[in-house]
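Working notes for the structure below.
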Number of protein chains: 2
Amino acid sequence: MDSKDKILNAALKLFIREGFHGTSTAKIANEAGISNGTLFHHFKTKEDLINRLYISVKENYKNYLLGQMEPCETTKGKIKQLWNTCVRWNLENKDGATFFAMFANSPYIDKLSKEEASRNFTFISELFQESIDAEVLISVNPNLMISSFHGSVKAFVSFIANNPENLDLDEHIDIAFKMWWRSVANI
Amino acid sequence: MDSKDKILNAALKLFIREGFHGTSTAKIANEAGISNGTLFHHFKTKEDLINRLYISVKENYKNYLLGQMEPCETTKGKIKQLWNTCVRWNLENKDGATFFAMFANSPYIDKLSKEEASRNFTFISELFQESIDAEVLISVNPNLMISSFHGSVKAFVSFIANNPENLDLDEHIDIAFKMWWRSVANI
DNA sequence: GTCTATAAGCTGATAGAC
DNA sequence: GTCTATCAGCTTATAGAC
């Protein structure tokens, strides 16, 4: 792992544990095992580091989704697989998910970074548009559909995070997807 | 308006515009029109200020909900009214909603504040539990139902925020509620 | 309750040697 | 690319007068 990645990993870990304010560049450098000067060789400013971290986590998310998706015949199957995979990334990458929750609306993330990051997820928009056109999904504003999708994923992940009883994960993933599917399926 | 409220208002405004890190106590005091010393007379530390602000916004949310709710015969009517009212608070109090999104998962908000704030919302839990018992809502884990409810509200609000075309708000509120209702109604 | 004055310590960032 | 040394400025918080 090169220095840049060491720094990004250390920053993610510290930001979610102690917040942006509580995490100085010195702490990040220390956690990464490099010097403060080296940090500023790789990142122009602290804000630059935050933005690059944001883009990096988003890209990790995208690659996970594309890597896990298998060919699937039906439209419903494709969407279910996407939903499941989103949930699993969020559960397996809690640091990344928390970082999004903390910083997605924050002023530290500039508009350019947001646009660059969201450009990676156009394949989701396309899937929904196709599904609406094919009358598999109800005919509503596609952006409302996408908001509903992500909202459902986030709500389920937050439910799992806050209810650490020994409940059957696969069973509840199925229940939650079926609930969401009823709200958007064209039947 | 007394100094304490002036400080809380100024802090909310600055936190969402410039972030926690970018907002010094001096800036807050200046925006509030009082001195830095006075700020520390009312709030023990900056972290104390953040936590008190969090509780204050949550309380404002609760009072809005309780104030707007009118007596309603049917269970579905009650839930629809609650959903609508939640959406309207989030749309009318964008600063508060953004503050939640930014800080709800953050380390600045301590556990005691979270508990104190969530204790105000037990009436929502009770409504859902009753509705499940009455077989108006499907029989799932009540916490999953609550997560789904808040997730649906947040998803809709985020859709409205990101799609500022001149779409009919009331019409879309109806559409979005109907979508969510299909996912939880016991029919 | 409110103000001014003050300070110790930390912050992000730079310069320059290797 | 990485390090050490360094700093100017800002940070939270306090003390004490009114």
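Each chain gets a letter, A, B and so on, in the order the sequences are listed, and its residues count up from 1.
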- Query: Between W180(B) and F156(B), is the gap from one ring center to the other below 6.0 Å?
  - Reply: no
- Distance flag, aromatic centroids of Y54(B) and Y108(B), threshold under 6.0 Å: no
Mind calculating the distance between [atom1] ([X]) and [atom2] ([N]) to the nearest angstrom?
| X | N | atom1 | atom2 | answer |
| --- | --- | --- | --- | --- |
| K6(A) | dG1(D) | NZ | P | 13 Å |
| L14(B) | dT11(D) | CG | P | 12 Å |
| F20(B) | dT11(D) | CZ | P | 12 Å |
| D48(A) | dG12(C) | CG | C1' | 13 Å |
| K46(A) | dC10(D) | NZ | P | 16 Å |
| I50(B) | dT11(D) | CD1 | C1' | 14 Å |
| N30(B) | dT2(C) | CG | P | 16 Å |
| I7(B) | dA13(D) | CD1 | C1' | 14 Å |

- Query: In terms of ring plane angle, is the pair F103(B) and F15(B) parallel, tilted or perpendicular, where the classes change at 30° and 60°?
  - Reply: tilted
Does a nitrogen or oxygen in the side chain of [X] sit under 4.0 Å from OP1 or OP2 of [N]?
| X | N | answer |
| --- | --- | --- |
| S3(B) | dT2(C) | yes |
| T25(B) | dT12(D) | yes |
| S35(B) | dT2(C) | no |

One thing to verify: whether [Y] and [X] come together as a salt bridge, which I'm taking to mean a side-chain N less than 4.0 angstrom from a carboxylate O.
| X | Y | result |
| --- | --- | --- |
| D174(B) | K80(B) | yes |
| E31(B) | K6(B) | no |
| R88(A) | D170(A) | yes |

- Of G22(A) and K44(A), the one whose closest DNA chain C nucleotide lies more 5': G22(A)
- For residues 36-43 of chain A, which residues have at least one heavy atom under 4.0 Å from DNA chain C? N36(A), F40(A)
- Message: As a quick check of understanding, evaluate ring pair (Phe, Tyr, Trp, His ring centres under 6.0 Å) for Y61(A) and F121(A), giving each step before the final call.
- Response: CA-CA 10 Å; Y61(A) 194 4; F121(A) 287 83; 5.7 Å; yes
